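Report on the following structure.
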2 protein chains.
Amino acid sequence: MPNFTKEDCFADLKLRILTTDLAPGSALDEVTLAAHYGLSRTPLREVLQRLAGVGYITQAENRGSKVASMDIGTMRTFFQTAPMIYANIASLAAENRTAAQLDALKSAQLDFTRETAKGDASAAALSNHRFHALIGEMAQNPYLTASLDRLLIDHTRLSQTFYRPASPAESVLIKKAADQHDAMISAIEAHETALAIDLTLQHWDLSRDRLERFVRPDPLPVDVVSLKDRRNAI
Amino acid sequence: MPNFTKEDCFADLKLRILTTDLAPGSALDEVTLAAHYGLSRTPLREVLQRLAGVGYITQAENRGSKVASMDIGTMRTFFQTAPMIYANIASLAAENRTAAQLDALKSAQLDFTRETAKGDASAAALSNHRFHALIGEMAQNPYLTASLDRLLIDHTRLSQTFYRPASPAESVLIKKAADQHDAMISAIEAHETALAIDLTLQHWDLSRDRLERFVRPDPLPVDVVSLKDRRNAI
DNA sequence: TGTGCACATTTTGTATACATTCAGCGAGTC
DNA sequence: GACTCGCTGAATGTATACAAAATGTGCACA
């Protein structure tokens, strides 16, 4: 598939990483990728460097590139850090957003609702990513944006399963998330910083519950009798 | 000056940017730099990409690289953002620091006091940078570290004049900063997170006063008589 | 004097050939 | 039988030649 531009390649690799089409920790072969995108190795390597700079991949001298891993340790810090950064970003966004940025945000939200309705899980996850990245742009704070972008990478990868509703109860949660998005848009549009923070933290709580269940899933149903036996055995 | 390794080149460019030997906004010519470091353009370009990824420089398609600028707009967000990130980093550092990291921190502080005593301003600024970057490593939080590193770039560049004491009063401030460093080390060593936060915010207050005076310097002494004339003229 | 255009120069982007490093594997030795 | 050593292949790292883009310059012309 020849004649991808460097920018296309960059965007496509980001997508494939966010959707875990490229699994965390998996190795990236330069010649394979270069051939795939119809680029020579030099520009492809530049794409990889840039991806490394934004936290999508990691590189080791003489040992190539890997998709950024998601070990249990960084998951802990993820849950620690996300609400603080999200809230501050939301506040700054409500303060500094431009009209054009607001339009883009509304458009991303339209995509999001459309794709959740269709049940297109990975597309919905990507729209959600774009929604929150746009709020990051609104904040106009390059320092915090650096944190936010990294958080969103892991957030999106973790939430891959979220938008694939398994039960009616989960469909309700997805609907709730979309409603929260709408409320956030209103708050940002009205420059209501305190409200934006509040809504963002509520949105985070919803997200966190679901993500934590993914990281540490509900225990499997067990045979009560044999469980009792094991307990006695200890 | 041939036979620099890529890593050397990376480190040296960081230094020259932090000391404003390479001024904010100044253009970086690839062939000149490549010749200077004895590298060919390919690896040099990779160094530049990495520097761009960490926020030291900016790159524009077909238009080369520039040292990251320090416009008045980002300065505002700098003062907004720094205390929050610094405080959170300090708290996490006090929680997670290893013994080896503590040793490195103490060593950086030794360098710092030695260089301020010698009056070596740019060396002192770099040691100070290293001191705070090490606290960042202790935090073990890749998300926040991304913000911190960017903040420290601008912080160090802004503080270039700080360690070149103009008046005895300023020497006292430098001494105070060094004392605060010592107190922070103790707090981190003792895992006292609350104290570490407190000390960090005090340290920031000291820093901020001095930095703001640099951004918006004290008015020059004026001839009172002619000043009165001008006032009447308005 | 000022404006616009074409050309020349400089600088960046790309492809490719070559060098180096690393990992796996087998033969030889203790 | 286990270990070391060295070979081999496959990957990454580097240099350089060439292509494309952008900037600057000189000149013609209004």
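The model shown is predicted, which means the values in this text are computed figures rather than measured ones. Protein chains get the first letters and strands the later ones, always in sequence-line order, with residue 1 at the start of each.
- Take B/T98 and apply the side chain to side chain donor-acceptor pair (under 3.5 Å) test, not counting sequence neighbours, and it matches B/Q101.
- A search for side chain to side chain contact (heavy atoms under 4.5 Å, CB included) contacts involving B/D103 returns nothing, not counting sequence neighbours.
- For A/S91, the side chain to side chain contact (heavy atoms under 4.5 Å, CB included) partners two or more places apart in sequence, or in a different chain, are A/T193, A/I197.
- Residues in residues 100-119 of chain A take part in these ring-ring contact (aromatic ring centres under 6.0 Å, His included) pairs, two or more places apart or across chains: A/F112-A/Y163, A/F112-A/H181.
- Over its length, the helix from C/dT1-D/dA30 to C/dC30-D/dG1 turns its helix axis by 20°, as judged from the five terminal pairs at each end, rounded to 10°.
- Against DNA chain D, the stretch residues 51-63 of chain B makes heavy-atom approaches under 4.0 Å through B/N62, B/R63.
- With sequence neighbours left out, the side chain to side chain donor-acceptor pair (under 3.5 Å) criterion links A/D8 to no other residue.
- Under the side chain to side chain contact (heavy atoms under 4.5 Å, CB included) criterion, B/S65 pairs with B/L28, B/L48, B/I57, B/Q59, not counting sequence neighbours.
- Partners of B/K6 under the side chain to side chain contact (heavy atoms under 4.5 Å, CB included) rule, at least two apart in sequence or in another chain, are A/E61, B/P43, B/E46, B/V47.
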Less than 3.5 Å apart, which donor and acceptor atoms pair up between the side chains of residues 78-87 of chain A and the rest of the protein, not counting sequence neighbours?
from, atom 1, to, atom 2, distance (Å)
A/T81, OG1, A/T77, O, 2.6
A/T81, OG1, B/N141, ND2, 2.6
A/Y86, OH, A/H155, ND1, 2.7

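- In terms of the side chain to side chain donor-acceptor pair (under 3.5 Å) criterion, A/E95 has no residue partners (sequence neighbours excluded).
- Close approach of DNA chain C to chain B, defined as any atom under 4.0 Å from a non-hydrogen atom of the protein, starts and stops at C/dT11 to C/dG13.
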